[in-house]
Amino acid sequence: MIIRQRPELNENDVTPKASYLNRRQLIQAAAGVSLVGMAPAISAQAENVPGWLSEQIRTASSGLEDTSQGITDWDDATQYNNFYEFGTGKSDPARNSGGFNPHPWEIEVDGLCANPGTLSLEDMLNSRQLEERIYRLRCVEAWSMVIPWTGIELAKLLQQFEPTSDAKYVAFQTVYRPSEMRGQRSFFSFIDYPYVEGLRMDEAMHPLSFMAVGMYGEALPNQNGAPIRLVTPWKYGFKWIKSIDKITFTDEEPPTTWNLSAPREYGFYANVNPEVHHPRWSQATERRIGPNGNIERIPTEMFNGYDEVASLYQGMDLSRFF
Ligand code: MTE
């Protein structure tokens with residue numbers, strides 16, 4: 001992954017959650033005509049979001065709301081992205097994903113489960129109560145953000161497929177649509193497509209694991225992984241696979257895209273760990289892209305500060321299983 005440094009600023013200005021909620025009201029008041037603060041491509045995307053999804057996101061309950069750290073601005077979270085299917089530059093996904101159409105959407109579920117099948121996103125969420133969670137996102141490139149996600153606990157989503165006791169892992173796959181995703185057409189790609197990721201079953205079933213369909217009270221923009229993406233806050237962002245259209249329960253550790261591309265640099269587990277460094281950069285600190293675009297250098301915490309997952313890795317040498 002290529003890092004481009006943004007200018008470092010010293011000021012640390014914290015924007016309370018109320019400010020993005022306020023922004024959401026402004027957006028709703030604009031009734032889809034002129035969406036305040038949104039790039040034109042995003043307002044066009046918002047018009048394609050089906051009513052049932054907007055309604056489920058609008059009526060989401062408040063879940064884990066850690067507002068102790070200021071929330072990253074919408075503009076940074078939606079214009080500074082990694083989504084190689086739309087290009088390798090940070091601004092490429094926002095610029096190049098306008099022609100991607102994530103509605104309607106189907107997800108195929110197969111492998112070691114009693115209830116496999118291909119479901120529409122609507123059937124999969126099936127009028128469920130969605131939840132909003134504010135989670136920190138730590139990229140392996142040593143930048144981080146704080147983002148309010150809307151979605152469903154991954155365990156609740158997976159349980160409906162009744163994984164069998166033989167299922168030790170769950171694998172995820174990003175949609176393959178070279179006609180809409182220019183990165184998938186590139187002859188000079190760093191990675192193979194479709195993008196694939198996976199979790200151990202106990203990681204997937206941990207209450208922190210989440211499947212997001214929205215952020216900042218809106219449906220996910222294309223560049224952030226519309227219509228559905230993984231959110232595992234104690235793991236580096238490359239595990240947070242976007243635009244998922246296949247889920248497989250398996251008894252073997254599934255291949256993962258960055259591990260296939262550079263096995264010595266990217267492991268299967270990808271737990272945030274300030275003591276295990278990437279060959280090309282230290283993981284001890286991170287550049288927090290905070291409110292108002294302010295950037296601050298802060299220490300990185302083990303498991304990104306989500307200590308409740310530590311028991312999942314008891315007895316494992318995390319420098320070996322990185
Ligand atoms: N998923 C797919 N399909 N393709 C990608 O290139 N990039 C990953 C992850 N999910 C990626 C992906 C990386 S490296 C990161 S850091 C996060 O998405 C970034 O998510 P964001 O753009 O919403 O901040």
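Computation of the quantities below employed the complete heavy-atom set of this structure, encompassing side-chain atoms and omitting hydrogens, waters and symmetry-equivalent molecules. All values reported here derive from a predicted model rather than from experimental measurement. Note that ligands are numbered from 1 as they come in the structure, with each ligand's atoms numbered from 1 the same way.
In summary, of the residues considered (Thr174, Asn96, Asn222, Val175), a side chain to side chain contact (heavy atoms under 4.5 Å, CB included) with Glu85 occurs for Thr174 alone. A ring pair (Phe, Tyr, Trp, His ring centres under 6.0 Å) with Tyr313 holds for exactly one of Phe322, Tyr306, Phe303; it is Phe303.
The closest heavy-atom contact to atom 11 (C) of ligand 1, among the options Asn82, Leu137, Asn81, comes from Asn82. Considering each of Tyr195, Phe172, Tyr266, the one bringing a non-hydrogen atom nearest atom 12 (C) of ligand 1 is Tyr195. With atom 9 (C) of ligand 1 as the reference point, the heavy atom nearest to it among Gly237, Pro221, Gly183 is part of Gly237.
Defined by atom type and a distance below 3.5 Å, a donor-acceptor pair is missing between the side-chain atoms of Arg58 and Ser54.
Listed by chain and number, the residues in a ring-ring contact (aromatic ring centres under 6.0 Å, His included) with His206 are Trp234 (sequence neighbours excluded).
Hydrophobic cluster membership of Phe188, counting Ile, Leu, Val, Met, Phe, Trp and Tyr whose side-chain heavy atoms lie under 4.5 Å apart directly or via other members: Phe187.
The atoms of ligand 1 that sit less than 4.0 Å from any heavy atom of Thr174 are 3 (N). Shown in contact with Cys139 at under 4.0 Å from a heavy atom are these atoms of ligand 1, numbered in order with element: 16 (S). Counting the atoms of ligand 1 from 1 in the order shown, those under 4.0 Å from a heavy atom of Tyr84 are 5 (C), 6 (O).
Looking at Ile191 against ligand 1, nothing comes within 4.0 Å, counting heavy atoms. If you look at Arg229 next to ligand 1, the close heavy atoms, those under 4.0 Å, all belong to the side chain.
The shortest separation from a heavy atom of Lys239 to ligand 1 is not under 4.0 Å, leaving the residue out of contact.
Tyr193 places a side-chain N or O within 3.5 Å of a backbone atom of Tyr84 that can act as its donor or acceptor partner.
Every N/O-N/O distance between Tyr80 and ligand 1 stays at or above 3.5 Å. Looking at Trp258 next to ligand 1, no N or O pair under 3.5 Å apart turns up. Considering both main-chain and side-chain atoms, Trp240 comes within under 3.5 Å of ligand 1 through a nitrogen or oxygen pair.
Side-chain contact between Leu121 and Trp52: present, with at least one pair of heavy atoms (C-beta onward) separated by less than 4.5 Å.
Connection of Ile134 to Val231 is established within a shared hydrophobic cluster, with ILVMFWY side chains joined at heavy-atom distances below 4.5 Å, either directly or through further cluster members.
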